[in-house]
Amino acid sequence: MTMKEVKVDPMNTAFARVMEILTYVGLALMIAPGIAYILGGTGYVSVESAISHWDKPASEFWMSVKGIEIKGYSWFLSNLSYLDCLSIMGIVILAIAPLASIVAAAVKADSKYKVILLIAVIEFIVAIVRPLFMHVTGH
């Protein structure tokens with residue numbers, strides 16, 4: 001059996017490496033604070049309250065558990081000292097991992113791929129900022 005040497009484009013390597021690193025960071029930030037929160041750590045919302053209101057749409061959930069109306073991202077960014085909000089930061093990192101990976105790939109890409117990657121970056125940015133300008137808070 002002969003071994004074939006496979007050449008991987010630097011664009012693909014950059015994409016994969018950034019995706020791998022951000023996935024590990026995001027999972028760690030999601031799992032570690034999440035476990036600590038469930039085991040009784042300090043949370044923005046008590047575990048009991050979260051469980052008892054989990055079946056509600058997002059707007060009703062937040063009104064029931066904290067008496068607040070959620071708009072944009074500031075509600076958890078201003079509460080990162082709480083374990084449940086820190087755990088959400090892991091979700092944010094996982095959500096932006098593809099965007100960061102595409103940007104890293106674009107830096108290493110040949111000019112023929114840059115336009116396609118730029119379109120993908122614009123699409124992700126629109127998806128990220130859309131909740132800030134439109135009322136989209138979930139079901």
Side-chain angles (χ1 to χ4, degrees):
M1 180 183 220
T2 62
M3 288 191 61
K4 290 185 178 183
E5 193 170 313
V6 176
K7 184 177 187 285
V8 179
D9 190 281
M11 171 184 75
N12 296 329
T13 304
F15 180 91
R17 189 70 182 136
V18 170
M19 183 66 83
E20 178 184 31
I21 291 168
L22 290 179
T23 298
Y24 288 138
V25 170
L27 287 173
L29 271 176
M30 232 173 69
I31 293 170
I35 290 171
Y37 167 66
I38 289 171
L39 294 176
T42 306
Y44 185 60
V45 175
S46 72
V47 175
E48 296 80 16
S49 183
I51 291 170
S52 66
H53 295 91
W54 200 250
D55 61 327
K56 297 181 179 178
S59 57
E60 290 179 33
F61 173 86
W62 287 107
M63 192 53 71
S64 298
V65 298
K66 294 302 275 186
I68 59 175
E69 186 177 335
I70 298 297
K71 291 183 181 174
Y73 305 112
S74 62
W75 66 274
F76 80 89
L77 289 174
S78 59
N79 292 295
L80 289 177
S81 60
Y82 296 104
L83 291 170
D84 46 352
C85 292
L86 186 58
S87 187
I88 292 172
M89 198 62 206
I91 296 168
V92 170
I93 290 172
L94 290 174
I96 65 169
L99 173 63
S101 299
I102 292 170
V103 169
V107 170
K108 300 278 187 171
D110 294 337
S111 59
K112 61 185 175 185
Y113 295 113
K114 288 193 188 273
V115 172
I116 295 169
L117 294 172
L118 177 63
I119 291 168
V121 166
I122 291 169
E123 181 182 339
F124 269 99
I125 291 171
V126 168
I128 291 168
V129 299
R130 184 173 171 233
L132 299 174
F133 301 107
M134 301 177 78
H135 188 13
V136 286
T137 56
H139 132 82

Please name the pair of heavy atoms, one in A106 and one in L117, separated by the smallest distance, quoted to 0.1 Å. CA-CD1, 3.6 Å
Please answer: with hydrophobic residues joined when any side-chain heavy atoms are less than 4.5 Å apart, are I51 and I88 in the same cluster? yes
Any side-chain heavy atom of W62 sitting closer than 4.5 Å to one from V45? yes
Looking only at atom types and distance, does a side-chain atom of D9 sit under 3.5 Å from a main-chain N or O of M11, one as donor and one as acceptor? yes
Over 12 non-hydrogen atoms of neighbours within 6.0 angstrom of NZ in K108: no
Quick check on the hydrophobic clustering: are W54 and Y37 connected, directly or via other members, by side-chain heavy-atom contacts under 4.5 Å? yes
Quick one: closest heavy-atom pair of A14 and A104, and the distance? CB-O, 3.7 Å
Does V121 share a hydrophobic cluster with V129, counting links as ILVMFWY side-chain heavy atoms below 4.5 Å and allowing steps through other members? yes
Approximate separation, where rounding is to 0.5 Å, of S87 OG and Y44 OH: 15.5 Å
Can you see which heavy atom on P33 is nearest to which on A28, and at what distance? CD-O, 3.5 Å
Rounded to the nearest 0.5 Å, what's the gap from OG1 on T23 to CD1 on I93? Could you check? 10.5 Å
Out of I116, V115, I122, which one pairs with L118 under the side-chain contact (heavy atoms from CB on, under 4.5 Å) rule? I122
To the closest 0.5 Å, what do you measure between CD1 (I96) and CD1 (I102)? 12.0 Å
About how many Å separate OH of Y24 and CG of L94, when rounded to the nearest 0.5 Å? 12.5 Å
If I compare all heavy atoms of M63 with all of E69, which pair ends up nearest, and what's the gap? CE-N, 4.1 Å
Would you say CD of E20 has more than 12 non-hydrogen atoms from neighbouring residues, nucleotides or ligands within 6.0 angstrom? yes
In terms of hydrophobic clusters joined by side-chain contacts under 4.5 Å, are I31 and L80 together? no
From I35 atom CD1 to L83 atom CG, the distance as rounded to the nearest 0.5 Å: 11.5 Å
M19 side chain reached by P98 side chain, heavy atoms, under 4.5 Å: yes
Are M30 and V25 connected in a single hydrophobic cluster, I mean Ile/Leu/Val/Met/Phe/Trp/Tyr linked by side-chain heavy atoms less than 4.5 Å apart? no
To the nearest 0.5 Å, how far apart are CG in L22 and CZ in R17? 10.5 Å
What closest approach, in Å, do K114 and V107 show between heavy atoms, and which atom pair accounts for it? NZ-O, 3.8 Å
Between F61 and A50, the two heavy atoms sitting closest are CE1-O, 3.6 Å
